Colleague: 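I'd like to ask you about the structure that follows.
Each chain gets a letter, A, B and so on, in the order its sequence line appears, and its residues count up from 1. Computed from heavy atoms alone, side chains included, the values below leave out hydrogens, waters and symmetry copies. Keep in mind it's a predicted model, so treat the numbers as computed, not measured.
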Amino acid sequence: MTPPSLSERARAGLAATDMDDPPYLAPLNPPQREAVLTTEGPVLMLAGAGTGKTRALTTRLAHLIATGRAGPGDILAVTFTNKAAREMKERIGELIGEAVEGMRWLGTFHSIGAQILRIHAEIVGLKSSFTIIDTDDQIRLCKQVIAAEGLDEKRWTGRGFAGLLDDWKNRGLTPGEVPADEAHKFGDGRAIKLYRAYQERLISLNAADFGDLLVHNLTIFRKAPDVLARYHRRFRYILVDEYQDTNIAQYLWLRLLARDAEGKSGGNICVVGDDDQSIYGWRGAEVANILRFEKDFPGAKVIRLEQNYRSTPSILAAASAIIDHNSNRLGKTLWTDVPDGPKVKLRGVWDADEEARQVTDDIEAEQTKGRRLSDMAVLVRASFQMRSFEERFNTAGIPYRVVGGPRFYEREETRDALAYLRLVRNPDDDLSFTRIINKPRRGFGDKAVQTLNIAAREMRVSLTEAGRRLLETDEMRGKARTSLARFLEQLRQWQAMAETTPPSELSETVLEESGYTDFWRNQKTIQSAGKLENLKELTRAAGEFDTLEGYLDHVSLVAERPAESSDGEVWLMTLHAAKGLEYPVVFLPGWEEEIFPSGRSVNENGQDGLEEERRLAYVGITRAREDCRISFAANRQVYGRWQSALPSRFIDELPEEHVEVMSEPGLYGVKAKEMPAYSRFDQVAASDGGYDTPGWKRARSSRPRNPAPAIDGSSRLIASSVGGTSPFKTGERVFHQKFGYGEVKGADGNKLDVAFEKAGQKKVIASFLIAADEV
DNA sequence: GCGTGGGAAATTTTT
DNA sequence: TTTCCCACGC
């Protein structure tokens, strides 16, 4: 480890007495050290996968505080997820101890945005007690606005409009700033009018959605330069993690905070990221932000962390070869000094079930060799691909854990349970009231809710209060009346109970007495056991808090699944969920055109979409430490239809010398000569020295050059090679690799109706069949 | 007020 | 194929 050079010391402003390296610098390599010591001016830290980014970044913050350059409260440090913020805090704490508690501006964009908004809420017409609504509520609100505008609610869905709102808010646009020509995007040209109505409704509810947390900040900073100046003075140092994932609103927010009053880029802003790992373009992230950083902040120092501490040379070579095919890159070359391990393994299989079987076999083999299950992960492109793995793991008795999916606090049963608790704490919470008043069914249906709503609006009180008053008159009758009376009485009891009972016990009682637990107990669905389990978990989590308030505040701030122990379980997750994680053994199944790269991404976003998919491939491979196994299937069921699939183009981009082809001979079991279309797969799968056979190359080159229509690429290829007519006659006896023997019943182009002896009648592609007498 | 059947849709996901 | 949503009928 070289000591800092004179110029580095000068630049970092190190006084002579600081010359002895503080111990925390010792574990750093030269670029990491530079990233820590270059405290002044704009810095772009380009940190490749596995290069010790977090270490550099946390040391930098610790260094700022330890050397007295900034107090803990003078640093703005933003991340995207609560998890990242928590980890950063922990690791800084390891370096500087208690002082980390003073870092009140370390958090997610949204939590910091919310903090600032609470202080200056009145500037945008909110009270500082505003509530933050989640996506679910946002969609409900959208529906209301669409209905109020008298639009066709089938054609114009709440979800669709919420998506457009997100898009605008990601771009930092208020209703007045949306370009007029975007009004046509929704609701017969009334999109902007709807946006305005939606915002007005939010203000009257004293609420903000996630996007508002930042957009309102922008408005505040622009409207009140004195407020901005205050934050500008306060945040002497700014640090941004995962900068490649920032959207326009976040970019504008940072720029306002980082530039000085004259608009010059004098701020001490350090952004950390990896343009090659930008995989959130579809939710508004702009890779352009990181690509443009040096222009935005002239004089920016660019520091590249390229020494990888995670993976073997083969794995790095595979990842680098793929990402090299992208054009818009800042460019980095990962290297490592660890000895090489096994080559990246590539395997072609028949279908998804076969793929799952092979992966499971591999996992079991590794396990016998003494590898822990939790050291292995299966990373898929889309969650529907998980099904075959879950099924296979279950039959094989391999414990596994799915990461991601609906988060704990977003699940239906959790939200319902929380609505009950919220209502106990605050009877005026109308959103919660509406959510659970008839769940479980207690005979208080839509009609009754509507009556109650009208009454509440007339009396200008909450629904609970309106209910109480209605019971004093005879406006509400029959079943609804009894039901409401009973519910309000229960609510009263629970409130009284809340005074003296700890949250976990209260939660259990409320869920039991309200009939909510029974509601799920009586449902005979497969999921109900899991739901009950979640409810139990909720109660358990409440046990960690002394007060109901404390618990509920925690929940609305951190919408995460509680951490679960994971030893002895294989990991199963999407590539997106795997970002930032690493495993000794990584399986990457489903590398087929249309799946990965996702056909939709490529179709909708063309070259940009394809490059993002390629970054996803890069992220996937770089998760592996020792062993990376890629596979693809020749057939896949899409929405219940069997389709043939071509291996992903990314497979062609792998470096042959670092890849071992593992497909077993005869896997495809069909005579190549007789099946021209099929032969390509056969040759791909053949273990005759590589996947780059002439037939394979032919197949690739005959694929349409334009990536956009690739959706039909596979089937068109098959269809044309078969010449449009089936080589089989009706009544002919045929054999199918998967379904066995059968008789042709009819044909539609190259798709045949075949009655199989074992598998029943199915539609299959002609090229997957051979005449029975040839077997 | 509640249950059911037909029809449309079907990635990736944090706050 | 599955899943979700809504309209319709009891």
Colleague: Could you give the CD1-to-C1' distance, from A:Ile139 to C:dC4, as a whole number of Å?
Modeller: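 Distance, rounded to whole Å: 13 Å.
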Colleague: State whether A:Tyr280 and A:Arg283 meet the cation-pi test: NZ (Lys) or CZ (Arg) under 6.0 Å from the six-membered ring centroid, and within 45° of the perpendicular axis.
Modeller: yes
Colleague: What residues, two or more places apart in sequence or in another chain, satisfy salt bridge (Lys or Arg N to Asp or Glu O under 4.0 Å) together with A:Glu149?
Modeller: A:Arg190, A:Lys193
Colleague: Grab the CG-C1' distance between A:Leu484 and B:dG1 for me, whole Å please.
Modeller: 16 Å
Colleague: Can you list the residues that meet the ring-ring contact (aromatic ring centres under 6.0 Å, His included) rule with A:Tyr251, with sequence neighbours excluded?
Modeller: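 Not a single residue meets the ring-ring contact (aromatic ring centres under 6.0 Å, His included) criterion with A:Tyr251.
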Colleague: Could you tabulate the donor-acceptor pairs under 3.5 Å formed by side-chain atoms of residues 156-166 of chain A, not counting sequence neighbours?
Modeller:
residue  : atom : partner  : partner atom : Å
A:Thr157 : OG1  : A:Gly160 : N            : 2.9

Colleague: Between C:dT2 atom P and A:Gln637 atom CD, what is the distance in whole Å?
Modeller: 8 Å
Colleague: I'd like to know if the side chain of A:Glu594 reaches the main chain of A:Gly599, judged simply by a donor and an acceptor atom lying under 3.5 Å from each other, with no hydrogens or angles considered.
Modeller: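 Such a contact is absent between A:Glu594 side chain and A:Gly599 backbone.
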Colleague: Measure from NE2 on A:His110 to C1' on B:dT15 and round the result to the nearest Å.
Modeller: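 A:His110 atom NE2 is separated from B:dT15 atom C1' by 4 Å.
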Colleague: What is the distance, rounded to the nearest whole Å, between atom CG of A:Leu581 and atom P of B:dT13?
Modeller: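 After rounding, the reported distance stands at 13 Å.
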Colleague: Restricting to salt bridge (Lys or Arg N to Asp or Glu O under 4.0 Å), what partner residues turn up for A:Asp518, sequence neighbours left out?
Modeller: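 Result, salt bridge (Lys or Arg N to Asp or Glu O under 4.0 Å) vs A:Asp518: A:Arg521.
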Colleague: Please compare A:Leu575 and A:Arg442 by the position of their nearest nucleotide in DNA chain B and report the one closer to 5'.
Modeller: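 It is A:Arg442 whose nearest nucleotide is closer to the 5' end.
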Colleague: Identify the pairs formed between an N or O of the protein and an N or O of nucleotides 8-12 of chain B at a distance under 3.5 Å, and give each distance.
Modeller:
residue : atom : partner  : partner atom : Å
B:dT11  : O4   : A:Ser601 : N            : 3.4
B:dT12  : OP1  : A:Ser383 : N            : 2.9
B:dT12  : OP1  : A:Ser383 : OG           : 2.3
B:dT12  : O4'  : A:Arg381 : NH1          : 3.2
B:dT12  : O2   : A:Trp282 : NE1          : 3.3
B:dT12  : O2   : A:Arg381 : NH2          : 2.9

Colleague: In whole Å, measure the gap between the P atoms of C:dC4 and B:dT11 for me.
Modeller: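 So the two P atoms sit 11 Å from each other.
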Colleague: Please name all residues satisfying side chain to side chain contact (heavy atoms under 4.5 Å, CB included) with A:Thr108, sequence neighbours left out, ordered by chain then number.
Modeller: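 Residues passing side chain to side chain contact (heavy atoms under 4.5 Å, CB included) with A:Thr108: A:Thr79, A:Asn82, A:His110, A:Ser111.
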Colleague: Applying a 4.0 Å non-hydrogen cut-off, can you work out what A:Lys447 is touching in the nucleic acid: base, sugar-phosphate, or nothing?
Modeller: sugar-phosphate
Colleague: For a quick check of understanding: with a heavy-atom distance under 4.0 Å over all strands, which category does A:Ala114 fall into, base, sugar-phosphate or nothing?
Modeller: nothing
Colleague: What residues form a salt bridge (Lys or Arg N to Asp or Glu O under 4.0 Å) with A:Lys127, not counting sequence neighbours?
Modeller: none
Colleague: Can you check nucleotides 5-10 of chain C for protein contacts, nitrogen or oxygen pairs under 3.5 Å, and list what you find?
Modeller:
none

Colleague: Between atom CG in A:Asp241 and atom P in B:dT14, what is the gap in whole Å?
Modeller: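 Nearest whole value for this atom pair: 16 Å.
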Colleague: So, using salt bridge (Lys or Arg N to Asp or Glu O under 4.0 Å) as the criterion, who are the partners of A:Arg623 when residues are at least two apart?
Modeller: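 Scan of A:Arg623 (salt bridge (Lys or Arg N to Asp or Glu O under 4.0 Å), adjacent residues dropped) gives none.
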Colleague: Hey, is the side chain of A:Asn438 poking within less than 4.0 Å of OP1 or OP2 on B:dC2, counting only N and O atoms?
Modeller: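 Yes, because at least one side-chain N or O of A:Asn438 sits under 4.0 Å from OP1 or OP2 of B:dC2.
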Colleague: To the nearest angstrom, how far is A:Leu214 atom CG from B:dT14 atom P?
Modeller: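 After rounding, the reported distance stands at 17 Å.
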Colleague: Taking the P atom of each, how far is B:dT12 from C:dT3, in whole Å?
Modeller: 14 Å
Colleague: Expressed as a whole number of angstroms, how long is the span from A:Arg283:CZ to B:dT15:C1'?
Modeller: 9 Å
